[in-house]
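The structure appears below as structure tokens.
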Number of protein chains: 2
Amino acid sequence: MSKESAPRSSLHERIRSDLEGKILSGAWPPGHRIPTEQELRTEYGCSRMTVNKVMTQLANAGLVLRRRKTGSIVMPQQSQNAVLEIKDIKDEVTAQGGTYRHEVVERVLRKAAPSEAGELGIEDGTEVLALTCLHYADEAPFCLEDRVINLEVAPAARTESFAELAPGVWLLRHIPWSEAEHTIAAVGASARVAKLLDLSAGTPCLVMERRTWRQGETVTEVRLTYPGAANRLSARFTPSAT
Amino acid sequence: MSKESAPRSSLHERIRSDLEGKILSGAWPPGHRIPTEQELRTEYGCSRMTVNKVMTQLANAGLVLRRRKTGSIVMPQQSQNAVLEIKDIKDEVTAQGGTYRHEVVERVLRKAAPSEAGELGIEDGTEVLALTCLHYADEAPFCLEDRVINLEVAPAARTESFAELAPGVWLLRHIPWSEAEHTIAAVGASARVAKLLDLSAGTPCLVMERRTWRQGETVTEVRLTYPGAANRLSARFTPSAT
DNA sequence: GAGTGGTCTAGACCACTTT
DNA sequence: AAGTGGTCTAGACCACTCA
């Protein structure tokens with residue numbers, strides 16, 4: 001069997017759009033039973049593999065719930081779980097037309113303190129690199145970066161100055177991560193933060209802490225402090241994950 | 001051709017894990033050329049469809065870059081773009097073993113003011129429902145919710161008291177969303193916020209604004225204000241999207 | 001022109017779940 | 001026992017891109 005015409009979008013994409021539309025428009029409300037793969041195959045005049053591909057994608061995206069024997073239904077209860085994209089610092093600035101630069105304020109090679117080792121989930125005395133950087137937008141400091149790098153996982157960082165590439169970007173290029181954890185909070189600026197970011201003490205700041213692992217080993221832990229009023233984290237997204 | 005044994009995990013899952021391991025461990029560094037589908041087919045002794053399925057997933061997850069003729073490579077530059085999950089307010093509390101309740105402080109049915117209509121991207125005079133709610137954890141207020149609902153899209157909200165279900169959850173159950181946008185910032189508590197959340201004015205607070213659309217129409221806009229010190233948003237995730 | 005991925009098919013067997 | 005999704009195959013044609 002051969003196909004005949006030039007498909008602007010692929011068949012499974014068109015089927016997917018069609019089904020997504022029915023779900024997101026509310027035409028098929030949560031809990032609504034979706035035709036079986038056999039029925040869809042007939043409806044769209046294609047093979048079962050093709051509709052199966054679409055349904056698998058929709059299930060991964062969390063739009064439908066698939067069950068054997070009873071068939072698939074529209075996901076009964078959409079999760080409020082949503083996701084916020086965290087952008088690269090440089091991109092944040094340049095996207096707004098600003099000029100970006102960063103500066104390494106402090107660079108200390110030392111052994112992990114016991115408390116630190118516990119936090120990082122590494123052994124006492126493991127060598128780490130502690131960095132403090134300032135990120136500037138149009139020559140005004142707008143982000144303070146306090147970072148600890150596990151040299152056991154990222155030995156190449158030992159001799160890296162981070163003058164050209166900021167630590168975050170450098171790490172991404174050299175050490176792929178497999179898992180990460182974020183925490184975001186609002187805190188008043190400490191004396192140190194106030195001085196470095198040129199604020200008055202107590203100014204509300206957005207603090208993001210991120211820890212990154214590669215295959216179970218901690219790669220790095222970083223705290224990014226932004227003056228809260230001037231800078232925002234934002235993102236636009238859809239409920240689909242695929 | 002038939003299969004013989006009981007696969008603990010499916011074949012494509014095992015192939016995927018294998019390839020992911022090679023990429024995430026660094027054995028295949030960014031830019032490394034991945035065997036062609038033909039080679040993988042031979043290596044794993046399966047059909048091309050199966051390796052194609054795996055490679056498609058890895059490409060969707062952003063781990064590999066696929067190109068015709070030249071073949072696929074490990075994604076040269078992992079994006080720092082990551083995602084932060086935003087959880088349901090009630091789940092946030094109960095996950096920590098607290099007791100949760102909410103209270104509707106104010107409920108006003110009115111026509112959208114011109115400025116508001118502009119923000120929401122709706123027409124002047126569209127009827128909206130403005131809500132103010134307090135969310136309590138163990139009887140202490142921990143989140144202030146200011147919400148506007150577009151009644152044109154969600155007419156059922158007109159007669160809903162939101163006494164049982166908080167507005168966020170109610171909307172999820174009744175009006176599926178297709179797109180959303182988040183913004184997070186740190187601000188000092190205003191007099192109004194301080195009073196409602198029982199804080200002193202100027203206390204750093206985490207403010208999350210979320211706007212939700214369904215098929216291009218604004219469904220709702222909400223501002224959630226959390227005392228910054230006590231509450232944090234956090235999430236754990238992997239770079240894979242699939 | 002040749003190599004690669006993108007897509008699709010027709011059919012098959014299996015696993016799970018409900019009846 | 002029967003219905004449904006989960007997976008896999010062998011083969012095919014096409015589209016894109018490089019040489």
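Naming convention: chains lettered A, B, ... in sequence-line order (proteins, then strands); numbering from 1 in each chain.
Remark: A/Arg223 pairs with A/Glu209 by the salt bridge (charged side-chain N to carboxylate O under 4.0 Å, His left out) rule, at least two apart or across chains. In this view, B/Glu39 satisfies the salt bridge (charged side-chain N to carboxylate O under 4.0 Å, His left out) rule with no residue, not counting sequence neighbours. Partners of A/Asp138 under the salt bridge (charged side-chain N to carboxylate O under 4.0 Å, His left out) rule, at least two apart in sequence or in another chain, do not exist in this structure. Legend: residues meeting ring pair (Phe, Tyr, Trp, His ring centres under 6.0 Å) with B/His174, ordered by chain and number and at least two apart, are B/Trp170. Residues passing the side-chain contact (heavy atoms from CB on, under 4.5 Å) test with B/Ser72 are B/Ile34, B/Met55, B/Arg66, sequence neighbours excluded. Contacts of B/Glu164 classified as salt bridge (charged side-chain N to carboxylate O under 4.0 Å, His left out), with partners at least two apart in sequence or in another chain: none. For B/Ser17, there are no side-chain contact (heavy atoms from CB on, under 4.5 Å) partners at least two apart in sequence or on another chain.
For the pair A/Met55 CE and D/dG6 P, the interatomic distance rounds to 8 Å; values are reported in whole Å. Atoms NZ (A/Lys53) and C1' (D/dC8) sit 14 Å apart, rounded to a whole Å.
Under the side chain to side chain donor-acceptor pair (under 3.5 Å) rule, A/Tyr100 has a single partner from A/Glu92, A/Lys90, A/His135, which is A/His135.
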Residues 148-158 of chain A, side-chain donor-acceptor partners within the protein, below 3.5 Å, at least two apart:
{"unit_1": "A/Asn150", "atom_1": "OD1", "unit_2": "A/Glu152", "atom_2": "N", "d": "2.9"}
{"unit_1": "A/Asn150", "atom_1": "ND2", "unit_2": "A/Thr218", "atom_2": "O", "d": "3.0"}
{"unit_1": "A/Arg158", "atom_1": "NH1", "unit_2": "A/Glu127", "atom_2": "OE1", "d": "2.8"}
{"unit_1": "A/Arg158", "atom_1": "NH2", "unit_2": "A/Glu127", "atom_2": "OE1", "d": "2.8"}

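If one axis is set at each end of the helix from C/dG1-D/dC18 to C/dT18-D/dA1 from five pairs, those axes are 10° apart, to 10°.
Contacts between residues 42-51 of chain A and DNA chain D, counted as heavy-atom distances below 4.0 Å, involve A/Arg48, A/Met49.
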Write out a two-atom table: protein N or O, nucleotide N or O from nucleotides 2-4 of chain D, distance below 3.5 Å.
{"unit_1": "D/dG3", "atom_1": "O4'", "unit_2": "A/Lys69", "atom_2": "NZ", "d": "3.3"}

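Counting only residues at least two apart or on different chains, the ring-ring contact (aromatic ring centres under 6.0 Å, His included) pairs with a member in residues 29-67 of chain B are B/Trp28-B/His32.
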